[in-house]
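All values reported here derive from a predicted model rather than from experimental measurement.
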Amino acid sequence: MMKRHVFKFARSRMGFADFNCFLVDFETGSCSTSRNSDSKGLLSHQMNASAPRMCSTSCAKVPEDLPKDNPVSDMLLDSFGRLHTYLRISLTERCNLRCQYCMPAEGVDLTPSPKILSQNEIVRLANLFVSSGVDKIRLTGGEPTIRKDIEDICLHLSNLNGLKTLAITTNGITLARKLPKLKECGLTSVNISLDTLVPAKFEFMTRRKGHQKVMESINAAIDLGYNPVKVNCVVMRGFNDDEICDFVELTRDKPINIRFIEFMPFDGNVWNVKKLVPYSEMLDRVVKRFPDLKRLQDHPTDTAKNFRVDEHAGAVSFITSMTEHFCAGCNRLRLLADGNFKVCLFGPSECSICSQDNIEEPNRIDKR
């Protein structure tokens, strides 16, 4: 019997317990969908077959006028009419910083290394998603640049037929020396996290030194031609909210997109609503200093509200996770470093993506 690999995915309905599951036969490329509650109701589909549908920007309906050459599989369309063409892949759970809003000082329990997805598994799974219609992949972590084979991963992913964007989100500590090679390997977009322009604050927040290294990484990305270089800044009252306009100044002469992110609750980060600086307040502060701030046109799937100050080379964005949700346009899927799959950063539901050789029945899936 020829070897086959069968992968099982689960898509939650905005955090509801009911799942839609589908199977992908890695060898043949055929697909089937089912509900957990009705294992007999399998519906066979051919990958890229039938009338493909585009993402709706609201939860109400799916557009009726559909492009006939859209290669996206129906499997990536959820029950709210959202088309998921953006895959975030966590390369590792490890990080070389201990940011206070991200994790407790003692760190978190990590998955043993043998259970982390290998390079071959990452590329194989990414190929399945891209062949189904995903056209953007973002590498995340932990801190993705500490993975030793990140250059090889980028090279393989960038060569996937149909992938348009290969991005990375990084803390920038080791990025400057790795970025030239990563660009050669096909990395097309860079997001760098930086929450303060004051070195002492950086060390306090991250519990590590390294502010200068992050600044060097931002400048290295600019020098290599990345445009824009996105800089993610989590705004916290009493810590860095007094630096908002200083960050905006970075956009004056450089192609930097400053992205202010509302402080969000995560396990162990001692979230407090008093630390939250809402989007409306941040915007007011920027407008008072930069009255020429203009609203830009956002893409329907953008999580950010985008602006630009007249005559500035860069842009300013606000990610309003807490005060103005953007779930209706979300097109993101998440593959975690341990092989688990989830559709929402805040949703508790995860599903293990498993493989097994010589499977005779398509619904027999190994579980970790």
Side-chain angles (χ1 to χ4, degrees), residues 86 88-92 95-97 99 102 136-159 163-199 201-202 205-206 208-235 240 243-244 246-261 296 299 302-304 306-309 312-319:
Y86 179 179
R88 300 173 65 95
I89 301 177
S90 173
L91 299 185
T92 178
C95 186
N96 46 8
L97 297 181
C99 298
C102 185
K136 179 177 181 178
I137 289 177
R138 178 173 298 279
L139 303 178
T140 68
E143 171 49 40
T145 62
I146 66 174
R147 179 148 174 162
K148 295 180 179 179
D149 57 352
I150 186 172
E151 291 91 351
D152 291 334
I153 291 174
C154 283
L155 182 61
H156 288 299
L157 294 181
S158 65
N159 284 319
L163 187 69
K164 298 177 181 177
T165 302
L166 179 60
I168 191 171
T169 294
T170 168
N171 61 29
I173 294 295
T174 65
L175 181 67
R177 61 184 174 85
K178 293 189 175 186
L179 193 53
K181 181 64 175 178
L182 290 174
K183 186 174 183 181
E184 288 181 11
C185 292
L187 188 70
T188 61
S189 180
V190 176
N191 286 41
I192 300 174
S193 297
L194 179 65
D195 301 317
T196 178
L197 299 174
V198 181
K201 282 187 181 181
F202 179 91
M205 175 53 61
T206 65
R208 299 289 189 275
K209 296 181 182 295
H211 182 269
Q212 184 58 35
K213 292 181 179 180
V214 180
M215 298 303 297
E216 290 171 359
S217 292
I218 293 173
N219 290 323
I222 294 171
D223 292 341
L224 285 168
Y226 286 97
N227 187 358
V229 175
K230 296 182 178 181
V231 176
N232 296 339
C233 176
V234 177
V235 180
N240 62 350
E243 298 183 63
I244 290 175
D246 295 334
F247 272 100
V248 176
E249 276 290 348
L250 295 179
T251 72
R252 183 180 297 277
D253 301 314
K254 297 180 179 181
I256 293 175
N257 177 200
I258 295 294
R259 293 154 56 86
F260 296 116
I261 303 172
L296 301 179
H299 188 276
D302 278 349
T303 59
N306 301 298
F307 298 78
R308 186 186 301 276
V309 179
H312 278 213
V316 179
S317 302
F318 300 88
I319 299 178

Arg252 and Glu249 ion-paired at < 4.0 Å: yes
CG (Asp149) and SG (Cys154) are apart, to the nearest 0.5 Å, by 9.5 Å
Test side chain to side chain contact (heavy atoms under 4.5 Å, CB included) on Leu182 and Leu175 and set out the steps. CA-CA 9 Å; Leu182 290 174; Leu175 181 67; 4.1 Å; yes
What heavy-atom pair brings Ser189 and Thr165 nearest, and what distance separates the two atoms? CB-CG2, 4.4 Å
So Phe318 and Phe260, would you call those rings parallel, tilted or perpendicular, with 30° and 60° as cut-offs? tilted
Any heavy-atom pair between the side chains of Ile89 and Ile153 that's under 4.5 Å? no
Report yes if some heavy atom in the side chain of Thr206 is under 4.5 Å from a heavy atom in the side chain of His211; otherwise report no. no
Side chains of Leu250 and Leu197, heavy atoms from C-beta outward: is any pair under 4.5 Å? yes
What distance separates Leu187 CG from Leu155 CG, expressed to the nearest 0.5 Å? 12.0 Å
Just by distance, with hydrogens left out, do Thr170 and Glu143 show a side-chain donor and acceptor under 3.5 Å apart? yes
How long is the gap from CD on Glu184 to NZ on Lys181, to the nearest 0.5 Å? 5.0 Å
Begin from the C-alpha positions of Arg259 and Asn191 and carry the test side chain to side chain contact (heavy atoms under 4.5 Å, CB included) through to its verdict. CA-CA 9 Å; Arg259 293 154 56 86; Asn191 286 41; 3.7 Å; yes
Pair Asn306-Ser317, side-chain donor/acceptor within less than 3.5 Å: yes
Give the minimum heavy-atom separation between Ile192 and Gly172, together with the two atoms involved. CG2-CA, 4.2 Å
Distance in Å, Asn171 CG paired with Asn232 CG, rounded so as to fall on 0.5 Å steps: 11.5 Å
Side-chain touch Thr140/Leu91, heavy atoms, less than 4.5 angstrom: no
Residue pair Thr174 / Thr145, side-chain donor-acceptor N/O under 3.5 Å: yes
Tell me whether the count of non-hydrogen atoms from other residues, nucleotides or ligands lying under 6.0 Å of NZ in Lys201 goes above 12. yes
Nearest atoms (heavy-atom pairs only) where Asp195 meets Phe247: C-CZ, 3.7 Å
In short, Thr169 meets Ser193 closest at the heavy-atom pair CG2-OG, 4.4 Å
Decide side chain to side chain contact (heavy atoms under 4.5 Å, CB included) for Ile218 and Val190; before the verdict, give the C-alpha distance in whole Å, the side-chain angles of both, and the deciding distance to 0.1 Å. CA-CA 9 Å; Ile218 293 173; Val190 176; over 6 Å; no
Closest approach of Asn240 to Val234 (non-hydrogen atoms, all atoms of both residues): ND2-O, 2.8 Å
How many angstroms lie between CG in Leu163 and CG in Leu157, if you round to the nearest 0.5 Å? 7.0 Å
Partners of Pro255 by side-chain contact (heavy atoms from CB on, under 4.5 Å), sequence neighbours excluded? Ile222, Asn227
I need the Ile146 CD1 to Lys178 NZ distance, nearest 0.5 Å. 8.0 Å
Tell me whether Lys254 at atom NZ has more than 12 heavy atoms from other residues, nucleotides or ligands lying less than 6.0 Å away. no
Start with the C-alpha gap between Thr196 and Met205, add the side-chain angles, then the distance that decides, and say whether side chain to side chain contact (heavy atoms under 4.5 Å, CB included) holds. CA-CA 9 Å; Thr196 178; Met205 175 53 61; 5.7 Å; no
Taking all non-hydrogen atoms of both residues, which atom of Asn257 and which atom of Pro228 are closest, and how far apart? CB-CB, 4.0 Å
